[in-house]
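Protein chains get the first letters and strands the later ones, always in sequence-line order, with residue 1 at the start of each.
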There are 2 protein chains.
Amino acid sequence: MDTDLARERILDAAEDLFYARGIQAVGMDVIRDASGVTLRRVYQLFPSKSDLVEAYLARRDTRWLQSLAAYVDAAAGAPAERLAAVFDWLENWFAQSDFHGCAFINSFGELGGTSPQVAAAARRHKDTFHAYLRELATAAGATADIGTQIALLAEGAMTTAAISGTPAPARQARQAAQTLLTLETGRAKR
Amino acid sequence: MDTDLARERILDAAEDLFYARGIQAVGMDVIRDASGVTLRRVYQLFPSKSDLVEAYLARRDTRWLQSLAAYVDAAAGAPAERLAAVFDWLENWFAQSDFHGCAFINSFGELGGTSPQVAAAARRHKDTFHAYLRELATAAGATADIGTQIALLAEGAMTTAAISGTPAPARQARQAAQTLLTLETGRAKR
DNA sequence: TGTGGGCGAGAACGAGCGTTCTCGACTCTG
DNA sequence: CAGAGTCGAGAACGCTCGTTCTCGCCCACA
């Protein structure tokens, strides 16, 4: 098997398992079984489990943000609608059967207290996400602070959807975000 | 040593340690050392670690909500100010040196995928908290939906404060909550 | 004073898991 | 064909940790 393919299969298995069960609950042997890659090669590609965890988080970070941005770019053009599209994307995500909350919030909750690398990965991911929302907000004519407030709504929707098990928080957050944005940009209330 | 005192010392140690480092990262021997209670008595009072985890979450649930309610009750009377006081309380919490996010969000992220008891405890806690915010919102003349939206802001502030390490999200969330509430109750924008 | 039961301190046990090693088979090269 | 390197499969190692056991001590009670 190709090295790149092995690497991909390991990361695929790691992502599925770490995300579904938590990082500490998944042993390297389970990743071997799920990926079909021998333990020896796993350790050649990722010298330790924490390297694998870092790679898992790094790949998920870029893919998650890219998927979101692609969805937003595909949404019809008005800046306010682009912001609303963020919450539509979140709702789709929340409704997926394997949705289990934000991988970074989960990882931070699990290992943030003991692993500086995991804590830093979560911080970077959230920084990027919040900066993206601030961009969308300012493009829609609002202040960056409104973007920050909308980011809080998005974060709250993620944790609430995860814990409650329903995608409804996405709609609530979307509506609140629209209210904040509409008010700020001075348009009439619906 | 008194049984009740031993129980309290164990729970005190468990809360400090589980909250700071995560549940799986803290062994029973560490709880023995921190509490000064012998392993034998720990297991007499809590037959397994998961029993201790459940007791930890249960006690933290009631204490957290009681502390919040007491602060809100002490705040000056107008209903809208009571809601704002929630975010003042959050800001105080976030600024504490041992703040490490919401224990229930953290526990859910760590064990929600493998422990139905932990997942249920998180769900109950968040249900209660959100119901409380809906009460405060309706008492302030807004709809229950506004209360739900404000709950999302509070949740988002908790995770963002934890990951970013600053208490600033409390103020942002407070301002957004005020905006939502003010708009809804028809008062003039500041 | 003898005795039995409970307690503290710490060892011990057994399972899980991260990581490495062994062994046999296959491949590539001279 | 010979030999050396590489790889897959799985065992093995060492550590951690949840849980239980042992042993010596103390105290209540006859």
TODO: Measure the acute angle between the ring planes of B:F99 and B:W93, then classify it against the limits of 30° and 60° as parallel, tilted or perpendicular.
DONE: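 Answer is perpendicular, since the angle exceeds 60°.
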- [ ] Give me the ring orientation class for B:F104 and B:H125: parallel if the planes are under 30° apart, tilted from 30 to 60°, perpendicular past 60°.
- [x] parallel
Check nucleotides 26-28 of chain C for protein N or O atoms closer than 3.5 Å to its own N or O atoms and list the pairs.
none

Report yes if some heavy atom in the side chain of [X] is under 4.5 Å from a heavy atom in the side chain of [Y]; otherwise report no.
X: B:L180; Y: B:L153; result: yes
X: B:L133; Y: B:L136; result: yes
X: B:R134; Y: B:T148; result: yes

TODO: Mind running side-chain contact (heavy atoms from CB on, under 4.5 Å) on B:V72 and B:W89 for me, showing each step along the way?
DONE: CA-CA 8 Å; B:V72 168; B:W89 183 84; 5.9 Å; no
Open item on the list: Hydrogens and angles aside, do A:D51 and A:S48 bring a side-chain donor and acceptor to less than 3.5 Å of each other?
Closed with: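 On atom types as modelled, these side chains qualify, holding a pair under 3.5 Å.
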Enumerate all atom pairs, one protein N or O and one N or O from nucleotides 14-20 of chain C, separated by less than 3.5 Å.
from, atom 1, to, atom 2, distance (Å)
C:dG18, OP1, A:K49, NZ, 2.6
C:dG18, OP2, A:M28, N, 2.6
C:dT19, OP2, A:Y43, OH, 3.0
C:dT19, OP2, A:K49, N, 2.8

Task: Verdict with reasoning, B:D2 to B:R7, per salt bridge (Lys or Arg N to Asp or Glu O under 4.0 Å) - done: CA-CA 9 Å; B:D2 192 345; B:R7 193 181 173 84; over 6 Å; no
Open item on the list: Less than 4.0 angstrom from a charged side-chain N to a carboxylate O is my criterion; do B:R59 and B:D12 meet it?
Closed with: yes
TODO: Take the protein atom CZ of A:R41 and the nucleotide atom P of D:dG10, then report the distance between them rounded to whole Å.
DONE: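 These atoms are roughly 16 Å apart.
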- [ ] Could you list by number each residue of residues 106-116 of chain B showing a heavy-atom separation from DNA chain C of less than 4.0 Å, or answer none if no residue does?
- [x] none
TODO: For B:C102 and B:K126, work out which heavy atoms get closest and say how close.
DONE: SG-NZ, 3.1 Å
